[in-house]
Protein chains: 2
Amino acid sequence: MSDIQQQFAHRLKELRAARGWSLARAATETGVSKAMLGQIERGESSPTLTTLWRLAKGFDVGFSTLIEPVDASSGSFQTRVTPPDSALTVKTLLPFVADLHTEMLDVEIEAGGMRESDSHRQGVIECVLVQSGELAVYSDARWHRLQAGDAYRFRADQPHAYRNESQDKPAQFLNLLVYR
Amino acid sequence: MSDIQQQFAHRLKELRAARGWSLARAATETGVSKAMLGQIERGESSPTLTTLWRLAKGFDVGFSTLIEPVDASSGSFQTRVTPPDSALTVKTLLPFVADLHTEMLDVEIEAGGMRESDSHRQGVIECVLVQSGELAVYSDARWHRLQAGDAYRFRADQPHAYRNESQDKPAQFLNLLVYR
DNA sequence: CAGGGTTGTGCGTTATAGCGTACAATCGTG
DNA sequence: CACGATTGTACGCTATAACGCACAACCCTG
């Protein structure tokens, strides 16, 4: 029995309990046998992809939520201003939280300023939403020019950079990182 | 053979081709046998959870990305302003796109204005990031007061509402919806 | 060209996923 | 209390996941 099998055993029990379903009811909703559901919940069996898919549909959750729970609690969280360095002011609007796989920054880059960024981990997608000014984004080996109101997405698992094209005014953009 | 099995067959081939790995190399990286990888790619087998997990780790992708690809192409997308109605101006900064499971709105609500919202689908999480003004958010059967710079998350698969607490000035907030 | 290395497929074997059924335990009702 | 309904577990059977190995086809190098 593997760790993921154990984790999923616990998760399936959670999903079922949250809906107040018996094994029989869950079997009806998902099309997976009662006996098999029991085996999975006790960690005695590692379900196939086909069975996992049935479970996701029957429980009406996305595939990733089937495995990894989303924190359903409500609550405040803090935005945060990173101390300004030579060219950039970064305010973290939505800090990275594991269950949402998302992070959002409000970035201001001074007139003529530029910032390079290392690659993020494999598969991270970045969306740049220009709020004001003239911004250029470097990705896929070239610069892309953006105006206020423009938006641009690219893979952030490669080196990339931001540059304020104006020599007079700062530029401001929202930076959304989606980790999938 | 199920639809998801066929979909995954195609996806696994994609993942492997993208890295330029042979079946033997992929077997080494994932700990899943070459013969089994071949069976999966030809849609002849539905891998168990344990095997899926090994694949995710070996290919260094999140579990959901193992099944559903993220569009890796770069490109601009349009922000959009919804015509104002009686109390609200909505600008869609990031329209919903299926592969990111995310949507972002810039909302301005006039002095004293209020808006109720129906439930979204099961499991949607909403983050409200107040940019200016005094906002109250209704969720979990009660109102939560927020100031500029405050942020609040809650489950959006329940009825919820927004209200500008000020009778003098509009309030503005960013609204991030994460569908998981 | 021949030979060695690489690649993907097919086969047979073993372990286990998935099921229907039976049943013990528990619960609720008359 | 007895009885019926419900719930979760165990069992035996069938189908298939997963593997190691052999091999045909292809590619590259001397």
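In what follows, chains carry the letters A, B, and so on, assigned in the order in which the sequence lines appear, proteins first and then strands, with residues in each chain numbered from 1. Computed over heavy atoms, backbone and side chain alike; hydrogens, waters and symmetry mates excluded.
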Carboxylate-amine/guanidinium proximity below 4.0 Å for B:R153 and B:E126:
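Salt bridge between B:R153 and B:E126, a charged N being under 4.0 Å from a carboxylate O: no.
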
Calculate the interatomic distance between [X] atom [atom1] and [N] atom [atom2]; express it in whole Å.
X     : N      : atom1 : atom2 : value
A:L37 : D:dT9  : CG    : P     : 11 Å
A:M36 : D:dT16 : CE    : C1'   : 12 Å
A:L55 : C:dA17 : CG    : C1'   : 13 Å
B:E41 : C:dT7  : CD    : P     : 13 Å
A:L52 : C:dA17 : CG    : P     : 12 Å

Which ones in residues 57-68 of chain B lie close to DNA chain D, meaning a heavy atom under 4.0 Å from one of its atoms?
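Listed by number, there are none.
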
Only counting residues at least two apart or in another chain, list the ones meeting ring pair (Phe, Tyr, Trp, His ring centres under 6.0 Å) with A:F173.
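Result, ring pair (Phe, Tyr, Trp, His ring centres under 6.0 Å) vs A:F173: A:Y162.
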
Where the side chain of [X] meets the backbone of [Y], is there a donor-acceptor pair that is under 3.5 Å apart?
X      : Y      : value
A:T92  : A:P95  : no
B:R142 : B:Y138 : no
B:R16  : B:L12  : no
B:T51  : B:P47  : no

Regarding B:S33, tell me which of base, sugar-phosphate or nothing describes its non-hydrogen contacts under 4.0 Å with the strands shown.
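Touches a base.
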
Within 6.0 angstrom of B:R42 CZ, more than 12 heavy atoms from elsewhere:
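Yes, enclosed.
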
Check the phosphate of [N] against [X], side-chain N and O only, distance under 4.0 Å to OP1 or OP2. Yes or no?
X     : N      : answer
B:T51 : D:dA17 : no
A:T48 : C:dG18 : yes
B:S46 : D:dA17 : no

Step-by-step side chain to side chain donor-acceptor pair (under 3.5 Å) determination, B:T48 to A:T48
CA-CA 4 Å; B:T48 61; A:T48 62; over 6 Å; no

Starting at the 5' end of DNA chain C and moving along, which residue's nearest nucleotide shows up first, A:K34 or A:G31?
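Of the two residues, A:G31 wins.
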
Assign a letter to each nucleotide of nucleotides 10-15 of chain D from its 5' end: B, base within under 4.0 Å of a protein heavy atom; S, sugar-phosphate only; -, no contact.
B-----

For the pair A:E110 and A:N164, evaluate side chain to side chain donor-acceptor pair (under 3.5 Å) and give the outcome as yes or no after the intermediate values.
CA-CA 7 Å; A:E110 71 181 14; A:N164 184 347; over 6 Å; no

Nucleic acid contacts - residues 3-28 of chain B versus DNA chain C, non-hydrogen atoms under 4.0 Å
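Per residue number, the list reads B:R16, B:S22, B:L23.
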
For A:D157, give me all partners under salt bridge (Lys or Arg N to Asp or Glu O under 4.0 Å), at least two apart in sequence or on another chain.
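Once residues adjacent in sequence are excluded, the partners of A:D157 under the salt bridge (Lys or Arg N to Asp or Glu O under 4.0 Å) criterion are A:R155.
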
Under the salt bridge (Lys or Arg N to Asp or Glu O under 4.0 Å) rule, collect the residues that match up with B:E108, sequence neighbours excluded.
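With sequence neighbours excluded, B:E108 shows a salt bridge (Lys or Arg N to Asp or Glu O under 4.0 Å) to no residue whatsoever.
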
